[in-house]
Number of protein chains: 2
Amino acid sequence: MSQDGAGVDLETSLGYLLKEVSSALRVAMEEVLRPLGMSVTRYSCLELLAQRPGLSNSELARGAFVTRQSMNVLLQTLEREGYVTRPAEAPVGKVLPTRLTPRGRRSLEKATVAVRSVEVRMLAGLTETEQSTAFRILRSMVRSLHDGNDGA
Amino acid sequence: MSQDGAGVDLETSLGYLLKEVSSALRVAMEEVLRPLGMSVTRYSCLELLAQRPGLSNSELARGAFVTRQSMNVLLQTLEREGYVTRPAEAPVGKVLPTRLTPRGRRSLEKATVAVRSVEVRMLAGLTETEQSTAFRILRSMVRSLHDGNDGA
DNA sequence: GACCCTATGTCAGAATGCTGACATGAGTCA
DNA sequence: TGACTCATGTCAGCATTCTGACATAGGGTC
C-alpha cells in the first residue's frame, strides 16, 4: 500500500531521510541558538569568518548556502550592530573583505559551544569508523549532484 | 589556521556536510521540478498523499517538515486548483482527510519520474552496501537529535 | 457533568530568502 | 584600445515560511 511500484517510497528513500535529518538538525540548532539571540544563518556567517577571515560577501553566501543578496542583507545588519567590519573602499575590484570584530568573536564563542553540543549529540551512538564512512558517502553524494548541474 | 582548537571545523564537520548535501539535493530537485511548474514542498505534499491517502493537514505538515500553517496555505491552493479534495465537514473531530484527484495524480506522475532521476544520480557511485550503511547512520542521527528535544 | 490538557484547522502579521535588475571592476581576446 | 564575458555588490519587489493567536473537538480525571 505504501509502494505501488512506480512511486518514490518515502520509507526507503535516502533523499527523504536526508531531508528528515537536515530538518532535525536545523530545529536542534535553532533551539540552542535562540537563547543566544542568534539564527542559524547568522551563526554560519560568523563561523565562516572566524575560520577564513577576509571572506567576501559572495564567498560567504556560497559558504552558507544562501544567495549573495540574502547574505548582503545579513552583513549590513551585522556591520550596523558591530559584529563585523568591511572597508569603505574595495582594495581590489569590488570585493569587500569582511572581518570579525572583537564583539563578533565574543558572540560567536558562545554559539560555537552550543552548536558543538548539538553535533556531539547527533553523533552519539556512532563509532569513529561510522562517522568516517558517513563523511565519505555524503561527499560522494554532493559530488554526484553537482556533476549533473554544472557539468563540471 | 582553519582550526584553532575551539572552533567547529567546517572542513571536517558532519553537520556542515549534511547542510551541503541537503542544499545540493534541494537545488537539484528544484531544477527538475521547475519545468513542471512544481515546487519541492508541493511535490512532497502530493507524494505523501499518493502513498498515504486521507492524511490530514497536520500530518502532511509533519511529513513535509513544515508548519501546519504553511501546509494549510498550500492545501488551499491545491484544492482551489483541483489537485486535491477535502470534505466540507470533518467526519470525526476537526480532522479533514485529504485525497488526490485524478488531476493531482497525473501531475504527480511526471514529478515522480523527475525526482527519482535526481535520487538515482545522487546515489550513483555508491554500492548497495554503502546505501544501506548510509540509511542506518542517518536514521541513528535523527533518533539522537530527537531524543534531545522530545525527551522521548 | 465540570475541568483540564492536547491536537487540529485557520486567520493575520512578521521574518526570511529568493528572483530580477543594474552598475561596476577585472580578465580575455582580437 | 575596444568589445566581450564574468563575478561582484547592491537595491527593490515578490514568494514562501514562520510565529502568534483563536475557536473548537476529543480524551482524560475528578
Side-chain angles (χ1 to χ4, degrees), chain A residues 19 22-24 26-31 33-35 37-45 49 54-81 84-99 150-152, chain B residues 19 22-24 26-31 33-35 37-45 49 54-81 84-99 150-152:
Chain A
K19 191 171 177 181
S22 62
S23 172
R26 164 164 288 267
V27 167
M29 285 181 68
E30 285 171 346
E31 203 165 295
L33 251 22
R34 189 172 313 126
M38 196 175 301
S39 71
V40 174
T41 307
R42 201 183 170 101
Y43 161 74
S44 301
C45 179
L49 283 174
L55 246 39
S56 71
N57 176 31
S58 290
E59 290 169 326
L60 286 168
R62 281 191 290 269
F65 309 105
V66 297
T67 63
R68 65 184 197 280
Q69 290 92 328
S70 296
M71 183 54 73
N72 189 34
V73 172
L74 175 58
L75 277 184
Q76 288 175 352
T77 303
L78 289 174
E79 193 172 15
R80 178 162 21 89
E81 295 176 352
V84 306
T85 53
R86 283 192 291 181
E89 289 288 312
V92 53
K94 300 186 66 178
V95 179
L96 295 174
T98 311
R99 291 181 178 280
D150 311 351
Chain B
K19 192 171 176 181
S22 62
S23 172
R26 165 163 287 267
V27 167
M29 286 181 68
E30 283 170 347
E31 204 163 294
L33 250 22
R34 189 171 312 123
M38 196 176 300
S39 71
V40 174
T41 307
R42 202 183 168 98
Y43 160 74
S44 301
C45 179
L49 283 174
L55 246 40
S56 71
N57 176 31
S58 289
E59 290 168 326
L60 285 168
R62 281 190 289 270
F65 309 105
V66 296
T67 62
R68 67 186 197 276
Q69 290 93 327
S70 297
M71 182 54 72
N72 190 34
V73 173
L74 175 58
L75 277 184
Q76 286 174 353
T77 304
L78 289 174
E79 193 172 14
R80 177 161 21 88
E81 296 175 352
V84 306
T85 52
R86 283 192 292 181
E89 290 288 312
V92 54
K94 301 185 66 177
V95 179
L96 295 174
T98 312
R99 293 183 175 278
D150 310 352

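Chain identifiers are assigned alphabetically (A, B, ...) following the order of the sequence lines, protein sequences preceding nucleic acid strands; residue numbering begins at 1 within each chain.
- The minimum heavy-atom distance between S58(A) and R68(A), with the atom names listed, is OG-CD, 3.5 Å.
- One interatomic measurement links the two molecules: CG of L75(B) to P of dT8(C), which rounds to 14 Å at whole-angstrom precision.
- Here the closest heavy-atom approach between residue C45(A) and residue L74(A) is recorded as CB-CD2, 3.9 Å.
- Comparing the start and finish of the helix from dG1(C)-dC30(D) to dA30(C)-dT1(D), five pairs each, the helix axis swings through 30°, to the nearest 10 degrees.
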* Structure fact -> Whether each nucleotide of nucleotides 11-18 of chain C has a protein heavy atom under 4.0 Å at its base (B), only at its sugar-phosphate (S) or at neither (-) is summarised, 5' to 3', as B-----SB
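- Rounded to an integer number of Å, the gap from CZ of R62(B) to P of dC18(D) is 14 Å.
- Comparing E30(A) and V95(A), the nucleotide of DNA chain D nearest to each residue sits closer to the 5' end for V95(A).
- In terms of modelled atom types and a separation under 3.5 Å, the side chain of S44(A) and the main chain of V40(A) share a donor-acceptor contact.
- If you measure from atom NZ of K94(A) to atom C1' of dG25(C), you get 7 Å, rounded to the nearest angstrom.
- Closest of all the heavy-atom pairs between L49(B) and T98(B) is CD2-O, 3.4 Å.
- For the atom pair T85(A) OG1 and L78(A) CG, the distance stands at 11.0 Å (nearest 0.5 Å).
- M71(B) places its CE atom 17 Å from the C1' atom of dA7(C), with the value rounded to the nearest Å.
- Taking atom CG of L33(B) as the reference point, atom P of dT16(D) lies 13 Å away to the nearest angstrom.
- Atom CG of L60(B) and atom OG1 of T41(B) lie 12.0 Å apart (nearest 0.5 Å).
- For the atom pair CE of M29(B) and NZ of K19(A), the computed distance is 6.5 Å after rounding to the nearest 0.5 Å.
- Residue L60(A) contributes atom CG, which lies 18 Å from atom P of dA7(D) at whole-angstrom precision.
- The separation between E89(A) atom CD and dG9(D) atom C1' is 13 Å, rounded to whole Å.
- Position along DNA chain D of the nearest nucleotide to L96(A) versus R34(A) favours L96(A) as the more 5'-ward residue.
- R86(A) comes within contact range of the sugar-phosphate backbone alone, with a heavy-atom separation under 4.0 Å but no base atom that close.
- One atom, CG of N57(B), and another, P of dA25(D), lie 17 Å apart when rounded to the nearest Å.
- Looking at heavy atoms from C-beta onward, R62(B) lies in side-chain contact with E59(B) at the 4.5 angstrom threshold.
- When heavy atoms are screened at a 4.0 angstrom cut-off, R42(A) is found touching no nucleic acid atom at all.
- Annotation: the span from L96(B) atom CG to N57(B) atom CG amounts to 8.0 Å, rounded to 0.5 Å.
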